[in-house]
Protein chains: 2
Amino acid sequence: MARAAKNGTTIAQVAAAAGVSRATVSRVMNGRSTVAADMAERVRAAAADLQYHPSTTARGLSLGRTNTVALVVPDLGNPMFQQILRGAVAAAEPFGFRFLVAETAEHADAEAETALEARLRCDALILAAPRSSEAALRELLPQVTPAVLINRDVPGLDVPSVRVDYGAGVHSVVDHLVALGHRDLAYVAGPRASASHALRARALEEARERHSSLRVTTVACGSTVDDGYRVADEVLATEATGVVAFNDLVAFGLLARLNETGVDVPGDISIAGFDDIELARYGTPSLTTAAVPQAELGGRAWGLLHQLVADQAATPGAGRPAPAASPLVMPGLVVRSSTGPVPPARRLAVPSSDRAGRVRTSDPGVRARWSATNDGWALTTGEQPLARYASGDAMPAVHSPRPHLHPLHSLGGVAMTQTTPIDHRHHYGVSMAVPDVNGTTYWGGRTFVRGQGPTLLSNQGRQHADFTEALEGGATLSSQVRWTDERGHDQVVEHRRLTGLLLPEVEAWSLGWSSRLHAQGSDVVIGSPATNGRPGAGYGGLFWRLPFADEATVLTADGDSEAHAHGSRSPWIAVVRRHGEAWTTLLLVQPGDVDPWFVRVADYVGAGPALAWDATRRIAAGSSLDVELVAVVVDRRLDTVDAADLTEFAVARVRAAGGTSRLGPPQASVCPPRV
Amino acid sequence: MARAAKNGTTIAQVAAAAGVSRATVSRVMNGRSTVAADMAERVRAAAADLQYHPSTTARGLSLGRTNTVALVVPDLGNPMFQQILRGAVAAAEPFGFRFLVAETAEHADAEAETALEARLRCDALILAAPRSSEAALRELLPQVTPAVLINRDVPGLDVPSVRVDYGAGVHSVVDHLVALGHRDLAYVAGPRASASHALRARALEEARERHSSLRVTTVACGSTVDDGYRVADEVLATEATGVVAFNDLVAFGLLARLNETGVDVPGDISIAGFDDIELARYGTPSLTTAAVPQAELGGRAWGLLHQLVADQAATPGAGRPAPAASPLVMPGLVVRSSTGPVPPARRLAVPSSDRAGRVRTSDPGVRARWSATNDGWALTTGEQPLARYASGDAMPAVHSPRPHLHPLHSLGGVAMTQTTPIDHRHHYGVSMAVPDVNGTTYWGGRTFVRGQGPTLLSNQGRQHADFTEALEGGATLSSQVRWTDERGHDQVVEHRRLTGLLLPEVEAWSLGWSSRLHAQGSDVVIGSPATNGRPGAGYGGLFWRLPFADEATVLTADGDSEAHAHGSRSPWIAVVRRHGEAWTTLLLVQPGDVDPWFVRVADYVGAGPALAWDATRRIAAGSSLDVELVAVVVDRRLDTVDAADLTEFAVARVRAAGGTSRLGPPQASVCPPRV
DNA sequence: CTGTTAGCGCTTTCAA
DNA sequence: TTGAAAGCGCTAACAG
């Protein structure tokens with residue numbers, strides 16, 4: 001006779017205590033309604049009293065089912081399977097089913113054995129066996145029914161399966177990359193034996209056939225972060241501009257290495273992953289990926305299994321239940337920041353027809369005008385957007401939130417501004433950025449402070465666009481901007497006017513920016529890193545950040561080159577840029593007193609007049625400082641003579657249009673307040 | 001009677017088929033040796049024939065144990081618990097035990113119920129219940145023995161537990177940060193109710209008491225990546241320079257946000273996590289963390305449980321087994337790249353006694369000499385290291401691997417070089433870095449190529465230090481450096497001499513660098529971004545990258561400031577830097593023909609003579625080009641006059657010491673080859 | 001060494 | 001509506 005002195009209370013004890021039969025106790029415990037109320041109550045009391053808990057094992061034996069299902073996965077360390085487990089556990093929970101987990105881990109050959117063993121303890125099995133051979137599965141599966149496969153399909157056997165359409169995922173990723181101009185791709189491959197790797201590889205083969213110009217190089221890799229990290233150099237060596245990684249882990253490994261080595265993703269190379277693991281959103285940069293709803297996969301597997309178990313219970317012994325329909329799960333492409341346009345150097349020539357449809361500035365009656373949009377103001381001419389004026393409220397505090405113009409385009413549609421670029425994340429299109437106003441920075445990022453060096457964190461101010469309105473039929477945007485320091489105290493109130501003007505005579509458009517900075521309660525002293533100990537770093541004031549181009553030069557009245565321009569007091573500077581065959585020029589003019597220009601074209605492209613080039617600038621309490629700039633954007637290459645000519649013309653036109661007129665004729669920088 | 005027509009073969013069938021009793025079959029199946037060999041064989045055959053698999057349920061019922069243990073965790077999505085599961089599953093596998101998982105998920109209140117239910121299906125329970133109240137646990141635990149707790153301790157009950165010494169972990173992290181100079185810390189807190197959060201909070205309290213000058217601000221957060229991402233701005237607002245994150249996930253969220261906003265980790269702020277999840281190594285930057293061996297935690301829990309189960313089986317019904325010893329698990333600090341010295345701006349004054357113990361250069365007989373080390377060559381004087389010369393073989397290909405000097409220190413111990421800084425990862429101390437040699441780059445990173453713009457990937461060359469030897473008793477290091485292009489073809493063979501020399505008279509030391517670049521098979525044309533369309537970007541040649549300082553200026557014979565120095569042909573330039581109260585100067589001299597200086601102190605600090613400032617430079621096949629530089633490192637502030645004086649003195653001394661003598665007196669840059 | 005048999009604790013049929 | 005009892009499939013004590 002069996003001994004097993006389990007410690008639990010048995011049904012017999014409860015029956016005895018309640019003075020009823022074991023069957024009655026059983027009925028009560030299972031909620032059968034056929035028991036007299038008082039008796040049921042007695043039973044329940046006894047059970048509670050004795051802390052009776054029915055033995056699941058005995059029930060299982062008697063019932064022939066355990067309400068447990070097994071999940072067999074190759075590797076519990078893989079987030080993919082973790083998610084599947086999570087999804088399955090959550091889905092099964094409401095039905096009172098528990099999960100038994102088994103890992104085949106290293107023993108790929110023992111996969112079948114493990115599955116079999118696990119299945120024996122349970123009512124059913126969910127099996128993820130990416131590396132088992134089809135033959136092995138074909139032998140195993142009949143022994144473990146009911147079972148559901150994950151990401152495998154064994155033709156002929158009607159074992160339901162939950163499968164991801166990796167092919168479709170690959171196609172969506174490839175199409176995305178192709179749309180961004182990529183023609184040279186690398187596939188960073190999963191484990192050789194992996195079935196889902198095979199699916200991806202095949203899809204890439206198809207994609208290559210669909211896109212005639214596509215080149216795809218395969219780099220053998222694996223499925224872990226480590227693998228991705230290790231093959232990064234090899235991936236770079238393929239000279240691909242776009243990478244399809246086997247999964248997000250591999251993509252993360254790649255990213256880690258590329259970040260370490262300073263490769264710009266996606267500037268130099270675009271990376272896309274697979275799966276959309278939780279951390280994908282939080283990569284640096286955030287990862288574009290074909291999202292596989294992994295937890296849902298687990299949930300679906302449970303769903304199929306549950307149906308199977310139910311069917312079987314309903315028609316015991318009867319022929320096989322109708323195989324559950326198992327539609328493929330479609331991965332959804334999630335575009336984040338790790339993919340971007342193919343680098344200019346690798347871009348193919350764009351047919352000139354793409355440049356069609358632009359507004360002819362010579363059309364009579366066409367004007368540029370400001371209008372409100374959901375998220376700011378837009379300067380448009382006809383249908384064509386020229387610039388957007390954003391409040392900057394959404395900027396992170398460390399970037400010194402401020403209103404700015406971005407994007408801003410030439411009439412030919414070329415981007416003339418850049419925002420939060422990798423090299424200086426706190427550059428935002430065109431803005432009034434000043435690194436030191438009584439110790440507060442309106443520049444963002446680290447600032448050079450005397451006696452402290454480059455400093456972050458402490459002193460970011462904020463410019464609030466208190467109210468903004470379009471004047472003169474939209475020709476001018478008037479904005480009151482309040483500058484508050486890190487404690488929220490007002491420092492400066494600025495009256496700003498932005499005038500957009502078409503210059504059909506010269507096939508250009510022009511922006512007038514005029515600001516009056518009014519010192520509130522107390523004196524305002526404007527400084528710069530240069531005035532704080534780092535000569536040459538005299539930046540601060542109106543600052544215009546441009547995107548990189550194939551080539552960039554700067555012209556001034558004093559001479560050409562960055563070295564000449566930087567610090568010069570030329571009335572104008574021209575940043576001339578080439579993009580493939582096309583050219584644009586940004587002409588910046590200081591119509592009034594000329595402050596030294598801060599100019600960079602070597603490390604990045606940006607320029608603006610410096611308020612505190614080598615000395616601080618004081619605005620006495622109650623008085624104000626005027627800043628004026630006229631910019632002209634032209635879709636051609638200007639030379640020194642052109643630029644000088646255009647300068648005069650543009651200033652006159654902008655002034656006539658009211659762009660700088662409010663401030664009257666050129667005057668001393670510091671002037672008495674006017675209400 | 002029960003019906004349950006289970007589909008499996010029963011022991012009775014096997015017994016019948018084999019013509020033996022059920023007991024015999026049982027014996028055979030359980031490997032009892034007391035069965036006659038032939039009979040056993042018959043049984044096995046019958047079993048195999050009938051595909052007989054013993055019912056685990058029935059065995060379980062009979063044996064009173066199921067060889068299954070339950071693991072109850074709050075959240076299967078948490079990598080921590082995933083690892084614990086993994087560890088436990090792996091540890092239990094050899095014993096034939098399987099794991100049943102249950103998640104308490106949202107229902108924190110149903111934690112007890114879930115645990116109880118799960119326990120009923122198993123022999124034992126591992127419980128992770130970080131948020132259950134102690135009272136609840138006290139009531140639950142006696143009902144679920146044998147059980148093991150994870151990261152909880154219920155005094156009075158002798159339930160074994162596996163616990164991490166989070167306190168010790170916090171202390172090691174804090175000590176690490178304090179050693180780096182941090183005094184302002186932020187603790188990014190875990191979930192309020194979490195027990196392990198409480199432990200960390202208490203330890204931080206203690207740490208604050210241990211370190212009198214320490215300030216710790218707590219930022220309420222949570223335990224997920226999302227939580228970390230969300231509180232990043234708040235963390236910055238605390239102005240802490242060091243952050244202790246509740247766990248690695250939170251740290252990752254922080255990192256993601258800080259990277260997005262361009263905050264330099266660890267330059268601006270140091271971040272440390274907890275746990276050492278797999279991805280910690282692969283963060284950007286890689287994460288410093290108090291490593292908790294999570295999988296091992298699971299393994300240990302299994303170990304304790306196993307012991308308990310065994311004990312119980314051994315002495316059934318006997319009094320409680322001796323509670324298993326459960327030593328705390330110590331987290332090990334893993335220092336990676338997310339923590340670093342406190343930013344200079346926030347550094348406290350260093351007592352001047354720290355500067356003691358330096359070599360007195362006026363000591364007679366003290367010389368600087370080169371000697372081989374495990375990983376290159378070192379220039380030392382007495383005990384003091386002055387510079388290391390590394391082969392660069394380990395550099396990533398995209399950085400154009402090349403030999404370089406780093407670190408290099410002043411006699412006062414101030415760092416004068418920087419390697420792979422965030423802004424330009426391909427800067428490596430002092431090296432011969434040339435962005436365009438017949439189209440190949442020896443500069444690293446993206447390069448500006450005519451007609452292509454800034455380009456990565458395609459054309460990285462490599463400089464091999466073929467052989468290196470110390471000459472003249474160690475005064476000079478002679479190195480033959482072979483430049484090979486991206487296809488591995490030789491382009492240039494360089495003979496390089498590095499001479500280290502103490503200048504006791506002026507309390508300085510000096511480095512002579514002389515290179516003869518010999519064009520191999522064909523003409524060699526050296527270009528730069530400037531000659532490729534980006535005027536001003538004339539860099540390339542000997543390049544010296546310095547770390548940032550509190551203040552930096554550059555002096556030349558032509559005038560002071562970056563604008564004057566950049567492009568100047570002054571025979572010397574001096575980079576003068578302040579660090580707190582101390583100053584250093586790096587004086588660079590071109591003793592021969594003077595090439596224009598490429599100088600940056602505003603965006604970063606770096607300088608060197610430019611080989612192709614505004615025109616390409618050709619070395620005819622078979623001829624060579626000489627490059628010479630003398631550097632003087634002084635621990636004080638030099639002015640223009642000092643610098644000019646020192647220039648002559650140092651050049652004479654270095655020349656006398658053989659540093660540039662091999663090349664003879666100043667000569668034309670391009671000269672006939674000498675063998 | 002082998003067979004017989006009494007349970008393990010529960011459910012469900014069947015008879016009352 | 002309730003109780004008695006026959007299993008569910010296996011193990012182990014015990015007899016032979």
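Predicted model, so just to flag it, every value in this text is computed and none were measured. The basis for the numbers below is simple: all heavy atoms, side chains too, and nothing from hydrogens, waters or symmetry mates. In the text below, chain A, chain B and the rest are named by the order of the sequence lines, each starting its count at 1.
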Just to confirm, is there a sub-4.0 Å distance from OP1 or OP2 of [N] to any side-chain nitrogen or oxygen of [X]?
X: B:T24; N: C:dG3; value: yes
X: B:S62; N: C:dC8; value: no
X: B:T10; N: D:dG9; value: no
X: B:S21; N: C:dG3; value: yes

Could you say whether B:A36 or A:P54 is positioned toward the 5' end of DNA chain C, judged by the nucleotide with the nearest heavy atom to each?
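Final value for this comparison: B:A36.
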Between [N] ([atom2]) and [X] ([atom1]): distance, integer Å:
X: A:H53; N: C:dC8; atom1: NE2; atom2: P; value: 20 Å
X: B:R27; N: C:dT5; atom1: CZ; atom2: C1'; value: 12 Å
X: A:L50; N: C:dG9; atom1: CG; atom2: P; value: 14 Å
X: B:R42; N: C:dC1; atom1: CZ; atom2: C1'; value: 13 Å
X: A:Q13; N: C:dG9; atom1: CD; atom2: P; value: 8 Å
X: A:I11; N: D:dA4; atom1: CD1; atom2: C1'; value: 13 Å
X: B:L63; N: D:dC8; atom1: CG; atom2: C1'; value: 16 Å
X: B:R65; N: D:dA12; atom1: CZ; atom2: P; value: 8 Å

Choose from C:dT11, D:dC10, D:dT2 the nucleotide whose nearest atom is closest to any side-chain atom of B:R59.
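Of C:dT11, D:dC10, D:dT2, D:dC10 is nearest to the side chain of B:R59.
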Let's see if you can work this out: which of D:dC10, D:dT11, D:dC8 has an atom nearest to the side-chain heavy atoms of B:Y52?
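Among D:dC10, D:dT11, D:dC8, the one nearest the side chain of B:Y52 is D:dC10.
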Evaluate the side-chain proximity of B:V43 to B:V20: yes if any heavy-atom separation is below 4.5 Å, no if none is.
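Touching, per the 4.5 Å side-chain cut-off.
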Any non-hydrogen side-chain atom of B:V73 less than 4.5 Å from a side-chain atom of B:L85?
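Contact flag for B:V73/B:L85 side chains = no.
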When you measure from the side chain of A:R121 to the backbone of B:N67, do you find a donor-acceptor pair of N or O atoms at a distance under 3.5 Å?
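Checking the backbone N and O of B:N67 against the side chain of A:R121, a donor-acceptor pair under 3.5 Å is found.
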My understanding is that only residues two or more places apart in sequence, or in another chain, count here; which of them pass salt bridge (Lys or Arg N to Asp or Glu O under 4.0 Å) with A:R59?
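Once residues adjacent in sequence are excluded, A:R59 has no partner under the salt bridge (Lys or Arg N to Asp or Glu O under 4.0 Å) criterion.
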When we call it a touch if two heavy atoms are under 4.0 Å apart, what does [X] touch: a base, just sugar-phosphate, or nothing?
X: B:M39; answer: sugar-phosphate
X: B:V20; answer: sugar-phosphate
X: A:A23; answer: base

Closest contact, heavy atoms only, B:Q82 versus B:L76:
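Taking B:Q82 first and B:L76 second, the nearest heavy atoms are NE2-O, 2.9 Å.
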Minimum heavy-atom separation for B:I150 and B:A301, please, with both atom names.
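Where B:I150 meets B:A301 most closely, the heavy atoms are CD1-CB, 4.2 Å.
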How far does the helix from C:dC1-D:dG16 to C:dA16-D:dT1 bend, going by the axes of its first and last five pairs, to the nearest 10°?
40°
If the plane angle is over 60° it's perpendicular, under 30° parallel, otherwise tilted; pick one for A:W302 and A:F99.
perpendicular
Are any of the side-chain nitrogens in B:E117 or A:R98 under 4.0 Å away from the carboxylate oxygens of its partner?
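Result for this pair is yes, salt bridge flagged.
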